[in-house]
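In what follows, a single structure is set out as structure tokens and then discussed.
By convention in this document, chain letters (A, B, ...) are assigned in the order of the sequence lines, proteins followed by strands, and residues within each chain are numbered from 1. As a basis for the values below, the full set of heavy atoms in this structure was taken, side chains included, without hydrogen atoms, waters or symmetry mates.
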There are 2 protein chains.
Amino acid sequence: MTPLKNASKQDSKNAGKPAQNGAHKAAIRQENEEQILAAAEKVFADYGFKGATTAQIAEVANVPKANVHYYFNTKEALYRRIMEDVCDHWLEAAATFDNSADPAVILRGYIESKMDLSRARPDGSRLWAHEIIRGAKFSSEYISTTVKDWLDSRVVVMRGWIKEGKMDAVEPYSLMYMIFATTQHYADFGRQIEIFNNDQALSDAQFAEAKENVVRIILKGVGLG
Amino acid sequence: MTPLKNASKQDSKNAGKPAQNGAHKAAIRQENEEQILAAAEKVFADYGFKGATTAQIAEVANVPKANVHYYFNTKEALYRRIMEDVCDHWLEAAATFDNSADPAVILRGYIESKMDLSRARPDGSRLWAHEIIRGAKFSSEYISTTVKDWLDSRVVVMRGWIKEGKMDAVEPYSLMYMIFATTQHYADFGRQIEIFNNDQALSDAQFAEAKENVVRIILKGVGLG
DNA sequence: TTTTAACCTGACCAAACGGTCAAGATAAAT
DNA sequence: ATTTATCTTGACCGTTTGGTCAGGTTAAAA
């Protein structure tokens with residue numbers, strides 16, 4: 001499988017298309033691309049790569065189907081482009097996991113930023129879930145390099161905390177999987193939570209409470225409470 | 001949306017088909033149905049309802065496509081039948097959450113049985129994930145009745161524990177969502193965990209360690225450690 | 001103003017889709 | 001032995017799929 005990201009943003013965005021345009025033309029292109037990308041993210045998030053159709057993406061984007069193929073040659077190219085965006089956002093959340101501060105502060109910050117990401121961009125999380133459930137066909141290289149390197153380095157940091165007696169001797173991988181799972185659950189299983197919440201989406205207050213509960217349980221659970 | 005389960009197991013299993021057969025014919029039917037169901041669970045788990053194709057199910061089951069439609073009239077009927085099985089298994093795990101014992105024992109037992117279910121039947125969990133991510137189109141009634149009733153009753157039990165000072169004052173819903181998310185993550189995101197584990201599925205020993213870590217973090221996290 | 005390059009889209013295509021059916025094969029009931 | 005009911009499946013059907021393309025429109029460049 002080819003790598004998810006093997007070209008610069010600019011190259012992949014305008015694959016085989018002009019780079020320099022007049023202001024008006026450029027604006028048209030940008031607006032149409034954004035509209036199609038937003039629609040595709042929704043439809044892919046609902047049905048996954050195989051289940052989504054270009055016709056439905058076009059309908060949601062409110063453009064003719066042929067226009068979708070004008071801006072993004074193939075369904076796969078469109079999917080890859082969106083996966084890049086999702087990965088970029090994930091990396092932003094990952095960056096909050098620095099190691100310049102107190103373990104409790106670091107973990108809290110990371111959990112909170114992942115919860116916020118689930119709240120702000122649930123479709124990205126759901127799309128990622130589809131991708132992994134299906135076997136990470138498009139993104140296994142990205143996971144085994146970028147994400148794994150990041151994860152392994154955090155695991156080293158945490159083993160340091162454990163050795164220094166700052167944290168309980170829990171397996172860092174298990175802890176990280178728990179953080180991934182719990183934070184993303186609020187996006188991926190948002191519909192289920194909504195049903196449990198009497199068919200109403202969580203209010204901002206409810207979500208804030210959930211976030212605080214997640215932080216508290218995990219921090220205390222690893223001896224940082 | 002029609003209810004997921006509106007007929008007895010026997011009725012839906014042999015929908016419009018004979019109930020009494022000679023031993024040989026009955027054996028043939030049972031074997032073919034099992035083969036098709038097993039194949040369908042895999043394919044639906046990979047691609048979801050819309051993304052899965054009856055041709056692929058037939059290929060995995062090693063029967064002609066027409067035979068799939070002979071035993072299960074439509075793709076939807078086949079999907080519903082498998083969802084029923086998944087729900088039945090979930091109910092078994094749910095049953096381990098009794099309230100006749102110590103809170104720590106109860107929670108440990110429930111978490112462990114959910115982890116074991118993820119290990120033993122990952123496809124069922126992945127299929128459920130597809131169903132919810134997509135918006136619970138087929139199962140919203142089941143969730144809002146059977147599952148919600150079960151969940152709410154456990155929440156009441158936990159609020160009792162909190163009032164009696166046996167457990168920290170965490171929001172029970174947040175705790176349950178964390179248990180759902182973390183335990184199911186080992187099935188739904190199994191491929192990702194595999195990649196992090198140097199492209200090797202977790203060994204029995206690794207999984208047992210993960211299970212123990214999950215139990216320990218959660219129990220301590222809610223003051224039951 | 002003319003030319004050129006980009007944008008737009010209805011109509012179309014081959015392949016894949018869920019589902020049907022007639023006709024043959026097999027086994028149970030008579 | 002004959003009838004009856006079930007199992008089996010290649011061939012087929014109408015629809016949907018991802019993708020193409022000719023020919024038109026629009027705006028930037030010359």
Side-chain angles (χ1 to χ4, degrees), chain A residues 10-11 13-37 39-40 43-44 46-82 134 137-138, chain B residues 10 13-37 39-40 43-44 46-82 137-138:
Chain A
Q10 192 63 26
D11 284 349
K13 182 186 285 182
N14 298 331
K17 291 280 151 42
Q20 288 290 79
N21 270 340
H24 191 194
K25 277 280 164 79
I28 287 174
R29 169 167 281 266
Q30 192 186 341
E31 190 188 319
N32 281 334
E33 281 185 350
E34 280 172 6
Q35 217 155 340
I36 293 167
L37 284 168
V43 176
F44 280 133
D46 277 346
Y47 298 107
F49 175 71
K50 208 180 167 196
T53 70
T54 55
Q56 198 179 352
I57 290 167
E59 193 194 325
V60 173
N62 208 31
V63 298
K65 194 185 71 163
N67 221 347
V68 172
H69 283 93
Y70 173 71
Y71 282 104
F72 302 91
N73 291 339
T74 65
K75 182 184 173 184
E76 183 176 324
L78 180 52
Y79 183 80
R80 285 181 179 277
R81 172 62 197 284
I82 290 169
R134 188 171 62 120
K137 294 286 193 303
F138 287 104
Chain B
Q10 192 63 28
K13 182 186 288 182
N14 298 330
K17 290 280 150 42
Q20 288 289 79
N21 271 339
H24 192 195
K25 278 280 162 80
I28 287 174
R29 168 166 284 266
Q30 192 187 340
E31 191 188 321
N32 281 334
E33 281 185 350
E34 281 172 5
Q35 217 156 338
I36 293 166
L37 284 169
V43 177
F44 281 133
D46 277 347
Y47 299 107
F49 175 72
K50 208 181 167 196
T53 69
T54 56
Q56 198 178 353
I57 290 167
E59 193 193 327
V60 172
N62 209 32
V63 300
K65 195 185 70 161
N67 221 346
V68 172
H69 284 94
Y70 173 73
Y71 283 104
F72 302 92
N73 292 339
T74 65
K75 183 184 173 184
E76 182 175 324
L78 181 52
Y79 182 80
R80 285 180 179 278
R81 172 61 197 285
I82 290 168
K137 294 286 192 302
F138 287 104

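Computed from coordinates, the A/Ile28 CD1 to C/dA6 P distance equals 14 Å when rounded to whole Å. Atom-to-atom, CD of A/Glu59 to P of C/dG10 comes out at 14 Å; the value is rounded to the nearest Å. Between the CD atom of A/Glu33 and the C1' atom of C/dA6 there is a distance of 13 Å, given to the nearest Å. Atom OH in B/Tyr47 sits roughly 11 Å away from atom P in C/dC17 (whole-Å rounding). Here the P atom of nucleotide C/dA6 and the CG atom of A/Asn32 are 16 Å apart, to the nearest Å. B/Ile57 places its CD1 atom 17 Å from the P atom of C/dA16, with the value rounded to the nearest Å. For the pair A/Asn67 CG and C/dC8 P, the computed distance is 5 Å after rounding to whole Å. If you measure from atom CG of B/Asn62 to atom C1' of D/dT9, you get 14 Å, rounded to the nearest angstrom.
Considering only heavy atoms from C-beta on, A/Thr53 comes within 4.5 Å of B/Lys50 through its side chain. Put simply, the side chain of A/Phe72 reaches to within 4.5 Å of the side chain of A/Leu37, judged on heavy atoms. At a threshold of 4.5 Å between non-hydrogen side-chain atoms, the residues B/Lys75 and B/Ile57 do not count as touching.
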Next item on the list: Sugar-phosphate atoms are those with a prime plus P, OP1 and OP2; base atoms are the rest. Using that split, label each nucleotide of nucleotides 10-25 of chain D B, S or - for protein heavy atoms under 4.0 Å, 5' to 3'.
Entry: B------SBBBB----
Checklist line | Step-by-step side-chain contact (heavy atoms from CB on, under 4.5 Å) determination, B/Tyr47 to B/Gln56 | finding: CA-CA 11 Å; B/Tyr47 299 107; B/Gln56 198 178 353; 3.5 Å; yes
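Nearest heavy-atom pair, A/Ala58 versus A/Lys65, reported as atom, atom and distance to 0.1 Å: CB-CA, 3.6 Å. Here the closest heavy-atom approach between residue B/Ala52 and residue B/Phe44 is recorded as CB-CD2, 3.5 Å.
For B/Tyr70 and D/dT6, the shortest distance from a side-chain N or O to OP1 or OP2 is not below 4.0 Å. The phosphate of C/dA6 has neither OP1 nor OP2 within less than 4.0 Å of any side-chain N or O from A/Arg29.
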